Engineer: 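My questions will all concern the structure given below.
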Amino acid sequence: MSERLPILRIGDILLVSVQFDLEDQMVLNLQEDLANEIVAKSARGVVIDISALEIVDSFVGRMLATVAAISRVLDARTVVVGMRPAVAITLVELGLSLGGVSTALDLEKGLAKLRQPTSSALR
Amino acid sequence: MAKRDSAADLVGLLTIEGQDLAAAWVREVSGSLGGRVGTAELDRELRELYDALVDALRQGATDVHSEQMSEIRALLTELSRNRARQGFSPTETAISVFALKRVLEPVLQDGTADQIRAYLQFNGILDGLGLFAIETYTQTRDELIAAQAEQLLELSTPVVRLWDGVIAVPLVGTLDSARTQVVMEKLLQALVDTGSEQAIIDITGVPAVDTQVAQHLLKTIVAARLMGAECTVSGISPQIAQTIVALGIEFDDIVTKASLADALKLALRRSGVDLVAHEGAQR
């Protein structure tokens, strides 16, 4: 049985803080746990904090996109916060643009983003 | 002992008694350089070279890369480097060496067969020296260019803060992969450092946009988006707009504005700032 990441609840928002590099099994567990928690707590938003991650491989990148897709189906929005510049560059070079995932610079801005009513972006 | 003899012949060729060949050499070279190097300096340089050359030949040096020529190589390297830094052309650098041939030409008029053979052999050595000088010259030039390119890279990518939460990168000059990489890293780091959610990439100073440049821009914008910031591209001239459409580059859902002012207005609106003009305000 491998470790599981704790999922914290703030109001109707779920918070996952990734503090260390993830093994593949933990990534899969997280996906499963989040789906369960969203339903159990009828959450409206999910915030995934990856500010401590220095390396994000394509597997983790895909996980982020998958979690976003799952939560969208369950009527919750996902915001990935705190991505480092080096990580962003790596993901772009890998060709992963995480379409459909909202992002924010830090946790505070991420929570603010979830509180905003969904509106089409200004142009 | 044929080698010894030819060495003696070579030395003999360069040290005809009663004639200051070095002085003639200096005259020849200074004429071709048009007085851009001081006569005293030239005299010192060439005399050193001349003495070293005679020494090397006396020791039986036969070509540029032989061990006896190491001093000459050092002197020539210094000379070529100086010429390259002072902006002389390769021809003007090489002429310093080749002029010695012309100086020796009178010897051929009434020389013995041995002297002429020695002259031809010496010609070969001088050719080698000349090529060595040009090689060093080119090397120095390359180093200069590389150093300047690096300086340019550092100079031309400032990230400026326009407002709370709004930063801009004014790009000037041609974009290539190396520069874009630097711009990208600086911009993303600035986003983190200033906590800005709006970034403007201003390409007013970019003379041309091709598919590669567009590709680089897109990558930067996607990376910024991954971190949670919105990017706007501004400063697109009519010319560049036409090129972009002609090349079929798709900017998809990336906002582009004609001027930096428009981009700033949008960025402010997006970050919830309202700009109100007061009536009767002084302009």
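Letters go in sequence order (proteins before strands), and every chain restarts at 1. Quick caveat, the model's predicted, so the values are computed rather than measured.
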Engineer: To the nearest 0.5 Å, what is the distance between CD (B:E197) and CG (A:D106)?
Structural biologist: 8.0 Å
Engineer: So which part of B:Q181 gets closer than 4.5 Å to some heavy atom of chain A, the side chain, the backbone, both or neither?
Structural biologist: side chain
Engineer: Decide if atom CD of B:Q239 counts as having more than 12 heavy atoms of other residues, nucleotides or ligands within a radius under 6.0 Å.
Structural biologist: no
Engineer: In Å and rounded to the nearest 0.5 Å, what is the CG to CE distance from A:L105 to B:M227?
Structural biologist: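 Taking CG in A:L105 and CE in B:M227, the distance rounds to 6.0 Å.
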Engineer: Examine whether an atom of A:L96 lies under 4.5 Å from a heavy atom of chain B, and if so say whether it belongs to the side chain, the backbone or both; otherwise answer neither.
Structural biologist: backbone
Engineer: Is any residue of residues 81-90 of chain A within less than 4.5 Å of chain B by heavy atoms, and which ones?
Structural biologist: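 The stretch touches chain B at A:M83, A:R84, A:P85, A:A88, A:I89.
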Engineer: How long is the span from the CG atom in A:L91 to the NZ atom in B:K219, to the nearest 0.5 Å?
Structural biologist: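 If we round to the nearest 0.5 Å, A:L91:CG and B:K219:NZ are 13.0 Å apart.
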Engineer: Is it true that atom CD of A:Q31 has more than 12 heavy atoms of other residues, nucleotides or ligands lying nearer than 6.0 Å?
Structural biologist: yes
Engineer: Give a yes or no on whether B:L247 atom CG has more than 12 heavy-atom contacts from other residues, nucleotides or ligands under 6.0 Å away.
Structural biologist: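 Enclosed.
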Engineer: Need one label for B:T220: side chain, backbone, both or neither, based on atoms under 4.5 Å from any heavy atom in chain A.
Structural biologist: neither
Engineer: More than 12 heavy atoms of other residues, nucleotides or ligands under 6.0 Å from CD of A:E108: yes or no?
Structural biologist: no
Engineer: Could you grab the distance from atom CG of A:L98 to atom CG of B:L226, nearest 0.5 Å is fine?
Structural biologist: 5.0 Å
Engineer: If you draw a 6.0 Å radius around CD in B:E135, do more than 12 non-hydrogen atoms from other residues or ligands fall strictly inside?
Structural biologist: no
